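Heads up, the thing below is written out as structure tokens.
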Amino acid sequence: MSAKKRDILVTSGLLYANGPLHLGHMVESIQTDTWVRFQKMRGHNCMYVCAEDAHGTPIMVRAQDEGISPEELIARFDIEHRADFVDFAIGFDNYYTTHSPENRELTELIYRRLRAGGHVTSRVIEQAFDPIKEMFLPDRFIKGECPRCSAPDQYGDACEVCGATYAPTDLKNPVSMLSGAKPIYKESEHYFFKLQNFEPMLRAWIRHGHVQPDVINKLDEWFTQGLREWDISRDAPYFGFEIPDAPGKYFYVWMDAPIGYMASFKNLCSRTGLDFGAYWDKDSSTEIYHFIGKDILYFHTLFWPAMLAGANFRTPSAVFAHGFLTVNGQKMSKSRGTFITARTYLSHLNPEYLRYYYAAKLNSRVEDLDLNLDDFVARVNADLIGKLINIASRCAGFINKRFDGRLSDTLPESALYEQFVSAGEQIAKNYEAREFSRVVREIMILADQANQYINDQAPWVIAKQSGHQAELQGICTQGLNLFRVLVGYLKPVLPLTAEKTEAFLNIKPLDWQTLKTPMTAHTINVFTHLLTRVEQESVDAMLTATRLEQDTMNKDKPATGPLVDEPIAEEVSIDDFKKVDLRLARIVKARPVDGSNKLLALTLDLGGETRHVFAGIKEAYKPEDLEGRMTVMVANLAPRKMRFGVSEGMVLAAGPGGKELWILSPDEGAPPGSRVT
RNA sequence: GGCUACGUAGCUCAGGUGGUUAGAGCACGGCACUCAUAAUGCCGGUGUCGGUGGUUCGAGUCCACCCGUAGCCA
């Protein structure tokens with residue numbers, strides 16, 4: 001262990017002040033908090049700051065919808081988020097907001113320096129504009145049909161059905177999600193950060209151990225595509241900071257968000273007297289680490305270091321990305337009832353169960369982490385209750401009852417204790433490297449050894465023999481000392497259990513150094529429940545509650561579905577309906593149409609008469625699957641001349657279109673030509 | 001669609017630079033124990049290492065393609 005005291009600043013990703021925290025957010029907070037607590041236990045000066053991400057269109061729009069100011073909205077989520085973090089024992093040294101004077105000042109400073117350095121340019125671009133709401137629309141606020149596969153209801157940047165990416169101008173039948181109006185296109189001057197100016201600097205930076213090895217490949221891909229200018233401005237109305245010397249223009253939320261890390265730290269400095277410059281100046285020798293999710297690598301490994309370098313600040317020591325959370329092997333999903341919020345979890349389960357389970361599965365790589373709820377129950381109960389807490393539970397009774405809480409003066413097996421102490425260096429290395437799953441594995445191997453020791457010594461046998469009082473006291477003292485070391489090693493993961501243990505053992509807060517000396521000739525308190533088993537019923541109750549919340553939310557939201565997308569048409573009389581002559585037909589032949597990616601040419605047998613019909617169902621059906629099938633057609637529709645020939649009728653089908661289209665089939669037995677009445 | 005990563009026992013995961021019969025925990029079966037909110041210890045079986053082909057004396061480990069999962073596409 002290096003005796004040198006390190007100065008470390010740690011951040012985790014900002015939380016968007018637009019919705020509740022869920023168990024996916026907690027992966028990052030727990031990972032970061034565990035690492036920070038470890039550094040503090042090692043005696044380093046480690047500060048953990050974070051903030052609410054408070055700007056941008058979604059927040060502005062939501063506040064409008066709720067009839068409140070954005071400030072009121074972000075204040076509400078700030079309170080909710082803080083409470084969630086406190087209850088999960090996330091020990092921020094400062095939790096702030098990007099909507100702060102410090103952040104405005106720093107954002108303006110960085111912008112001015114970038115501009116002075118020639119790294120900012122401006123030009124007029126064309127952008128979608130909602131004529132009713134009178135505001136420019138982000139891509140995610142425009143929906144329409146995919147230009148490639150015609151899937152309806154797709155966002156302006158990518159199609160979730162076929163995976164195509166495109167510009168919102170490519171969408172067919174685009175509508176604004178805010179007003180339902182068709183967007184128009186308007187010109188506006190935008191400001192750009194010239195990221196490409198920093199390519200050599202960034203290429204060097206990522207090769208010097210500042211990012212994980214598996215991230216370098218991804219970054220190489222971006223370099224290969226070429227770095228492009230980054231649009232850092234948005235037009236009013238926008239909730240954010242106005243750009244200096246540019247009235248009506250605001251900084252894009254992603255511009256001031258990472259600066260929020262600095263602002264939160266600056267706020268901490270003003271409260272505690274820490275030296276801001278010692279951490280952020282260009283020649284700073286302190287360490288700065290950002291823990292983030294893999295989805296925001298681009299911002300943290302390219303834009304952010306480039307912005308800092310361009311504004312004459314130091315760059316981060318490292319960016320640590322983690323994967324996403326899945327629940328029972330699948331993406332968290334509201335419809336599957338696995339979109340579990342932090343608060344719902346907390347109302348049913350102990351936060352340390354989750355801290356332990358995540359730690360047991362986290363490593364230094366950018367890998368997704370699965371919360372398997374059956375495994376969660378089994379693992380927590382087996383490891384924490386069966387192995388760890390049990391050690392104390394099986395020793396404490398004897399010490400409390402037979403020796404009035406008094407531990408023996410020496411350890412009977414000091415070599416075993418020394419072995420536990422020396423294992424601490426490897427555990428520390430793995431903590432430092434964020435290999436928490438290895439940490440947990442190593443600690444559990446030690447816990448097994450402690451249980452073996454007690455089994456071998458059989459204190460319950462000794463207890464029945466007269467004259468072996470000192471031996472009994474020694475065995476239990478040994479067991480409690482091993483337990484104390486294990487809890488010490490797990491303290492970054494289980495701070496609350498560690499605190500209860502410290503109270504039970506009647507000792508000062510554990511750190512890495514104090515573990516090296518055993519606790520002897522000392523009086524402990526009466527053993528109390530340090531941690532209880534996870535009950536399957538609690539997990540079930542949490543899932544039930546999650547489903548209920550989801551149902552409630554769905555009721556509040558306007559329904560979606562075919563009836564909403566296309567309301568039932570105007571009433572007609574039976575005579576009107578009878579004008580349409582629907583007939584059963586057998587599809588005798590189906591073939592693709594040259595030059596059309598939507599149409600199939602169908603030959604239909606009406607039981608004596610043959611019709612040729614073009615049907616727009618090519619994306620939904622293979623021709624060979626249709627041949628021989630019965631279906632329903634409009635038989636008296638006026639023939640229509642098309643580019644590919646004449647269509648003599650129409651086949652009935654339902655669905656929004658594209659791949660989502662289903663033709664009608666009659667029950668078996670009805671002969672072709674039968675009229676539908 | 002392009003790119004990146006991942007895909008090992010029923011479950012959750014280990015398996016630097018390719019090398020004897022592929023490992024651990026949980027679960028499961030047997031035995032022991034009873035101090036412990038049944039918690040512990042000992043013994044035991046378990047896998048065509050996603051698929052196909054290739055490089056090699058030898059591949060879970062390297063290469064190609066395919067399938068599946070996740071993310072990114074500013």
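Computed from a prediction, not measured in an experiment: that's the story for all the values here. Sequence lines set the chain letters: A, B, ... in the order given, protein chains first and strands last, and positions in each chain run from 1.
Using a 4.0 Å heavy-atom criterion, one finds that Asn363(A) contacts the sugar-phosphate atoms exclusively. Residue Gly397(A) is classed as having no contact, given no heavy-atom separation below 4.0 Å to the nucleic acid. Across all strands shown, Thr326(A) has no heavy atoms under 4.0 Å from either base or sugar-phosphate atoms.
Which of rA36(B), rA70(B), rC11(B) sits closest to the side chain of Asp368(A) comes down to rA70(B). Comparing rC11(B), rA70(B), rC26(B) by their closest approach to the side chain of Ala378(A) singles out rC26(B). Candidate nucleotides rA39(B), rC13(B), rC35(B) were compared by shortest atom distance to the side chain of Lys464(A), and rC35(B) ranks first. Picking from rC11(B), rA39(B), rC6(B) the nucleotide with the shortest atom distance to the side chain of Glu367(A) gives rC6(B). Checking rA36(B), rG71(B), rA38(B) against the side-chain heavy atoms of Ser393(A) singles out rA36(B) as nearest.
Atom name P, nucleotides rC73(B) and rU61(B): the rounded distance is 32 Å, in whole Å. Taking atom C1' on both rG68(B) and rG51(B), the two are 11 Å apart, rounded to the nearest angstrom. Between the P atoms of rA5(B) and rC65(B), the separation comes to 13 Å (whole Å). Going from the P atom of rU48(B) to that of rC43(B) covers 26 Å, rounded to whole Å. Comparing the C1' positions of rG47(B) and rC63(B) gives a spacing of 26 Å, expressed to the nearest Å. Using P as the reference atom, rA27(B) and rC3(B) are 44 Å apart when rounded to the nearest Å. When the P atom is used for both rU21(B) and rA14(B), the distance is 24 Å, rounded to whole Å. Comparing rC67(B) with rU55(B), their C1' atoms sit 23 Å apart, to the nearest whole Å.
A cation-pi arrangement is present between Arg203(A) and Phe223(A) under the rule of less than 6.0 angstrom and at most 45 degrees off the ring axis.
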Does the pair Lys401(A) and Asp404(A) meet the rule for a salt bridge (charged side-chain N to carboxylate O under 4.0 Å, His left out), with working shown?
CA-CA 6 Å; Lys401(A) 285 177 205 150; Asp404(A) 207 16; over 6 Å; no
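Between Phe129(A) and Phe136(A), the angle of the ring planes goes over 60°, which puts this pair in the perpendicular group of the 30/60° scheme.
Close to rU40(B), at under 4.0 Å from its OP1 or OP2, lies no side-chain N or O of Lys387(A). Between Arg441(A) and the phosphate of rG15(B), there is no side-chain N or O to OP1/OP2 separation shorter than 4.0 Å. One finds no side-chain N or O of Arg394(A) lying less than 4.0 angstrom from the OP1 or OP2 phosphate oxygen of rC33(B).
Of the options Tyr238(A), Tyr252(A), Phe241(A), a ring-ring contact (aromatic ring centres under 6.0 Å, His included) to His55(A) is made by Phe241(A) and by none of the others. No option in Tyr16(A), Phe339(A), Phe324(A), Tyr345(A) other than Phe339(A) meets the ring-ring contact (aromatic ring centres under 6.0 Å, His included) test with His22(A).
For Leu369(A) and Thr528(A), each mapped to the nucleotide of RNA chain B holding its nearest heavy atom, the one lying further toward the 5' end belongs to Leu369(A). Each of Thr532(A) and Gly226(A) lies near RNA chain B, and the nucleotide nearest Thr532(A) is the one positioned closer to the 5' end.
Taking the six-membered ring for Trp and the full ring otherwise, the centers of Tyr289(A) and Trp35(A) sit less than 6.0 Å from each other. The aromatic ring centroids of Phe193(A) and Phe198(A) lie less than 6.0 Å from each other. When ring centroids are compared, Phe436(A) and Tyr431(A) come within the 6.0 Å threshold. Within the 6.0 Å centre-distance limit, the rings of Phe303(A) and Trp230(A) are counted as a close aromatic pair. Taking the six-membered ring wherever Trp is involved, the centroid distance between the rings of His290(A) and Phe320(A) does not fall below 6.0 Å.
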Using a 3.5 Å limit on both pairing distances, list the dot-bracket string of RNA chain B from the 5' end; Watson-Crick and G-U wobble pairs count, crossing pairs take [ ], interstrand pairs take |.
(((((((..((((.....[...)))).(((((.......))))).....(((((..]....)))))))))))).
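Residues Arg379(A) and Asp383(A) are paired through a salt bridge, judged by an N-O separation under 4.0 Å between the basic side chain and the carboxylate.
Taking atom CD1 of residue Ile389(A) and atom P of nucleotide rU40(B), one finds them 13 Å apart after rounding to whole Å. Atom-to-atom, CG of Leu325(A) to C1' of rG71(B) comes out at 14 Å; the value is rounded to the nearest Å. Between the OH atom of Tyr356(A) and the P atom of rG25(B) there is a distance of 13 Å, rounded to whole Å. The distance between atom CZ of Phe403(A) and atom P of rC35(B), rounded to the nearest whole Å, is 15 Å. In this structure, CD1 of Ile385(A) is placed 10 Å from P of rA39(B), rounded to the nearest angstrom. Counting to the nearest Å, the P atom of rG25(B) and the CG atom of Asn381(A) are 18 Å from each other. Atom C1' of nucleotide rA39(B) and atom CZ of Arg379(A) are separated by 18 Å, given to the nearest angstrom. Remark: C1' of rU12(B) and CG of Asn372(A) are 7 Å apart, rounded to the nearest angstrom.
Across residues 446-463 of chain A, Asp448(A), Asn451(A), Gln452(A), Asn455(A), Trp460(A) each have a non-hydrogen atom less than 4.0 Å from an atom of RNA chain B (numbered order).
In this view, Thr477(A) and Ser408(A) satisfy the side chain to side chain donor-acceptor pair (under 3.5 Å) rule, not counting sequence neighbours.
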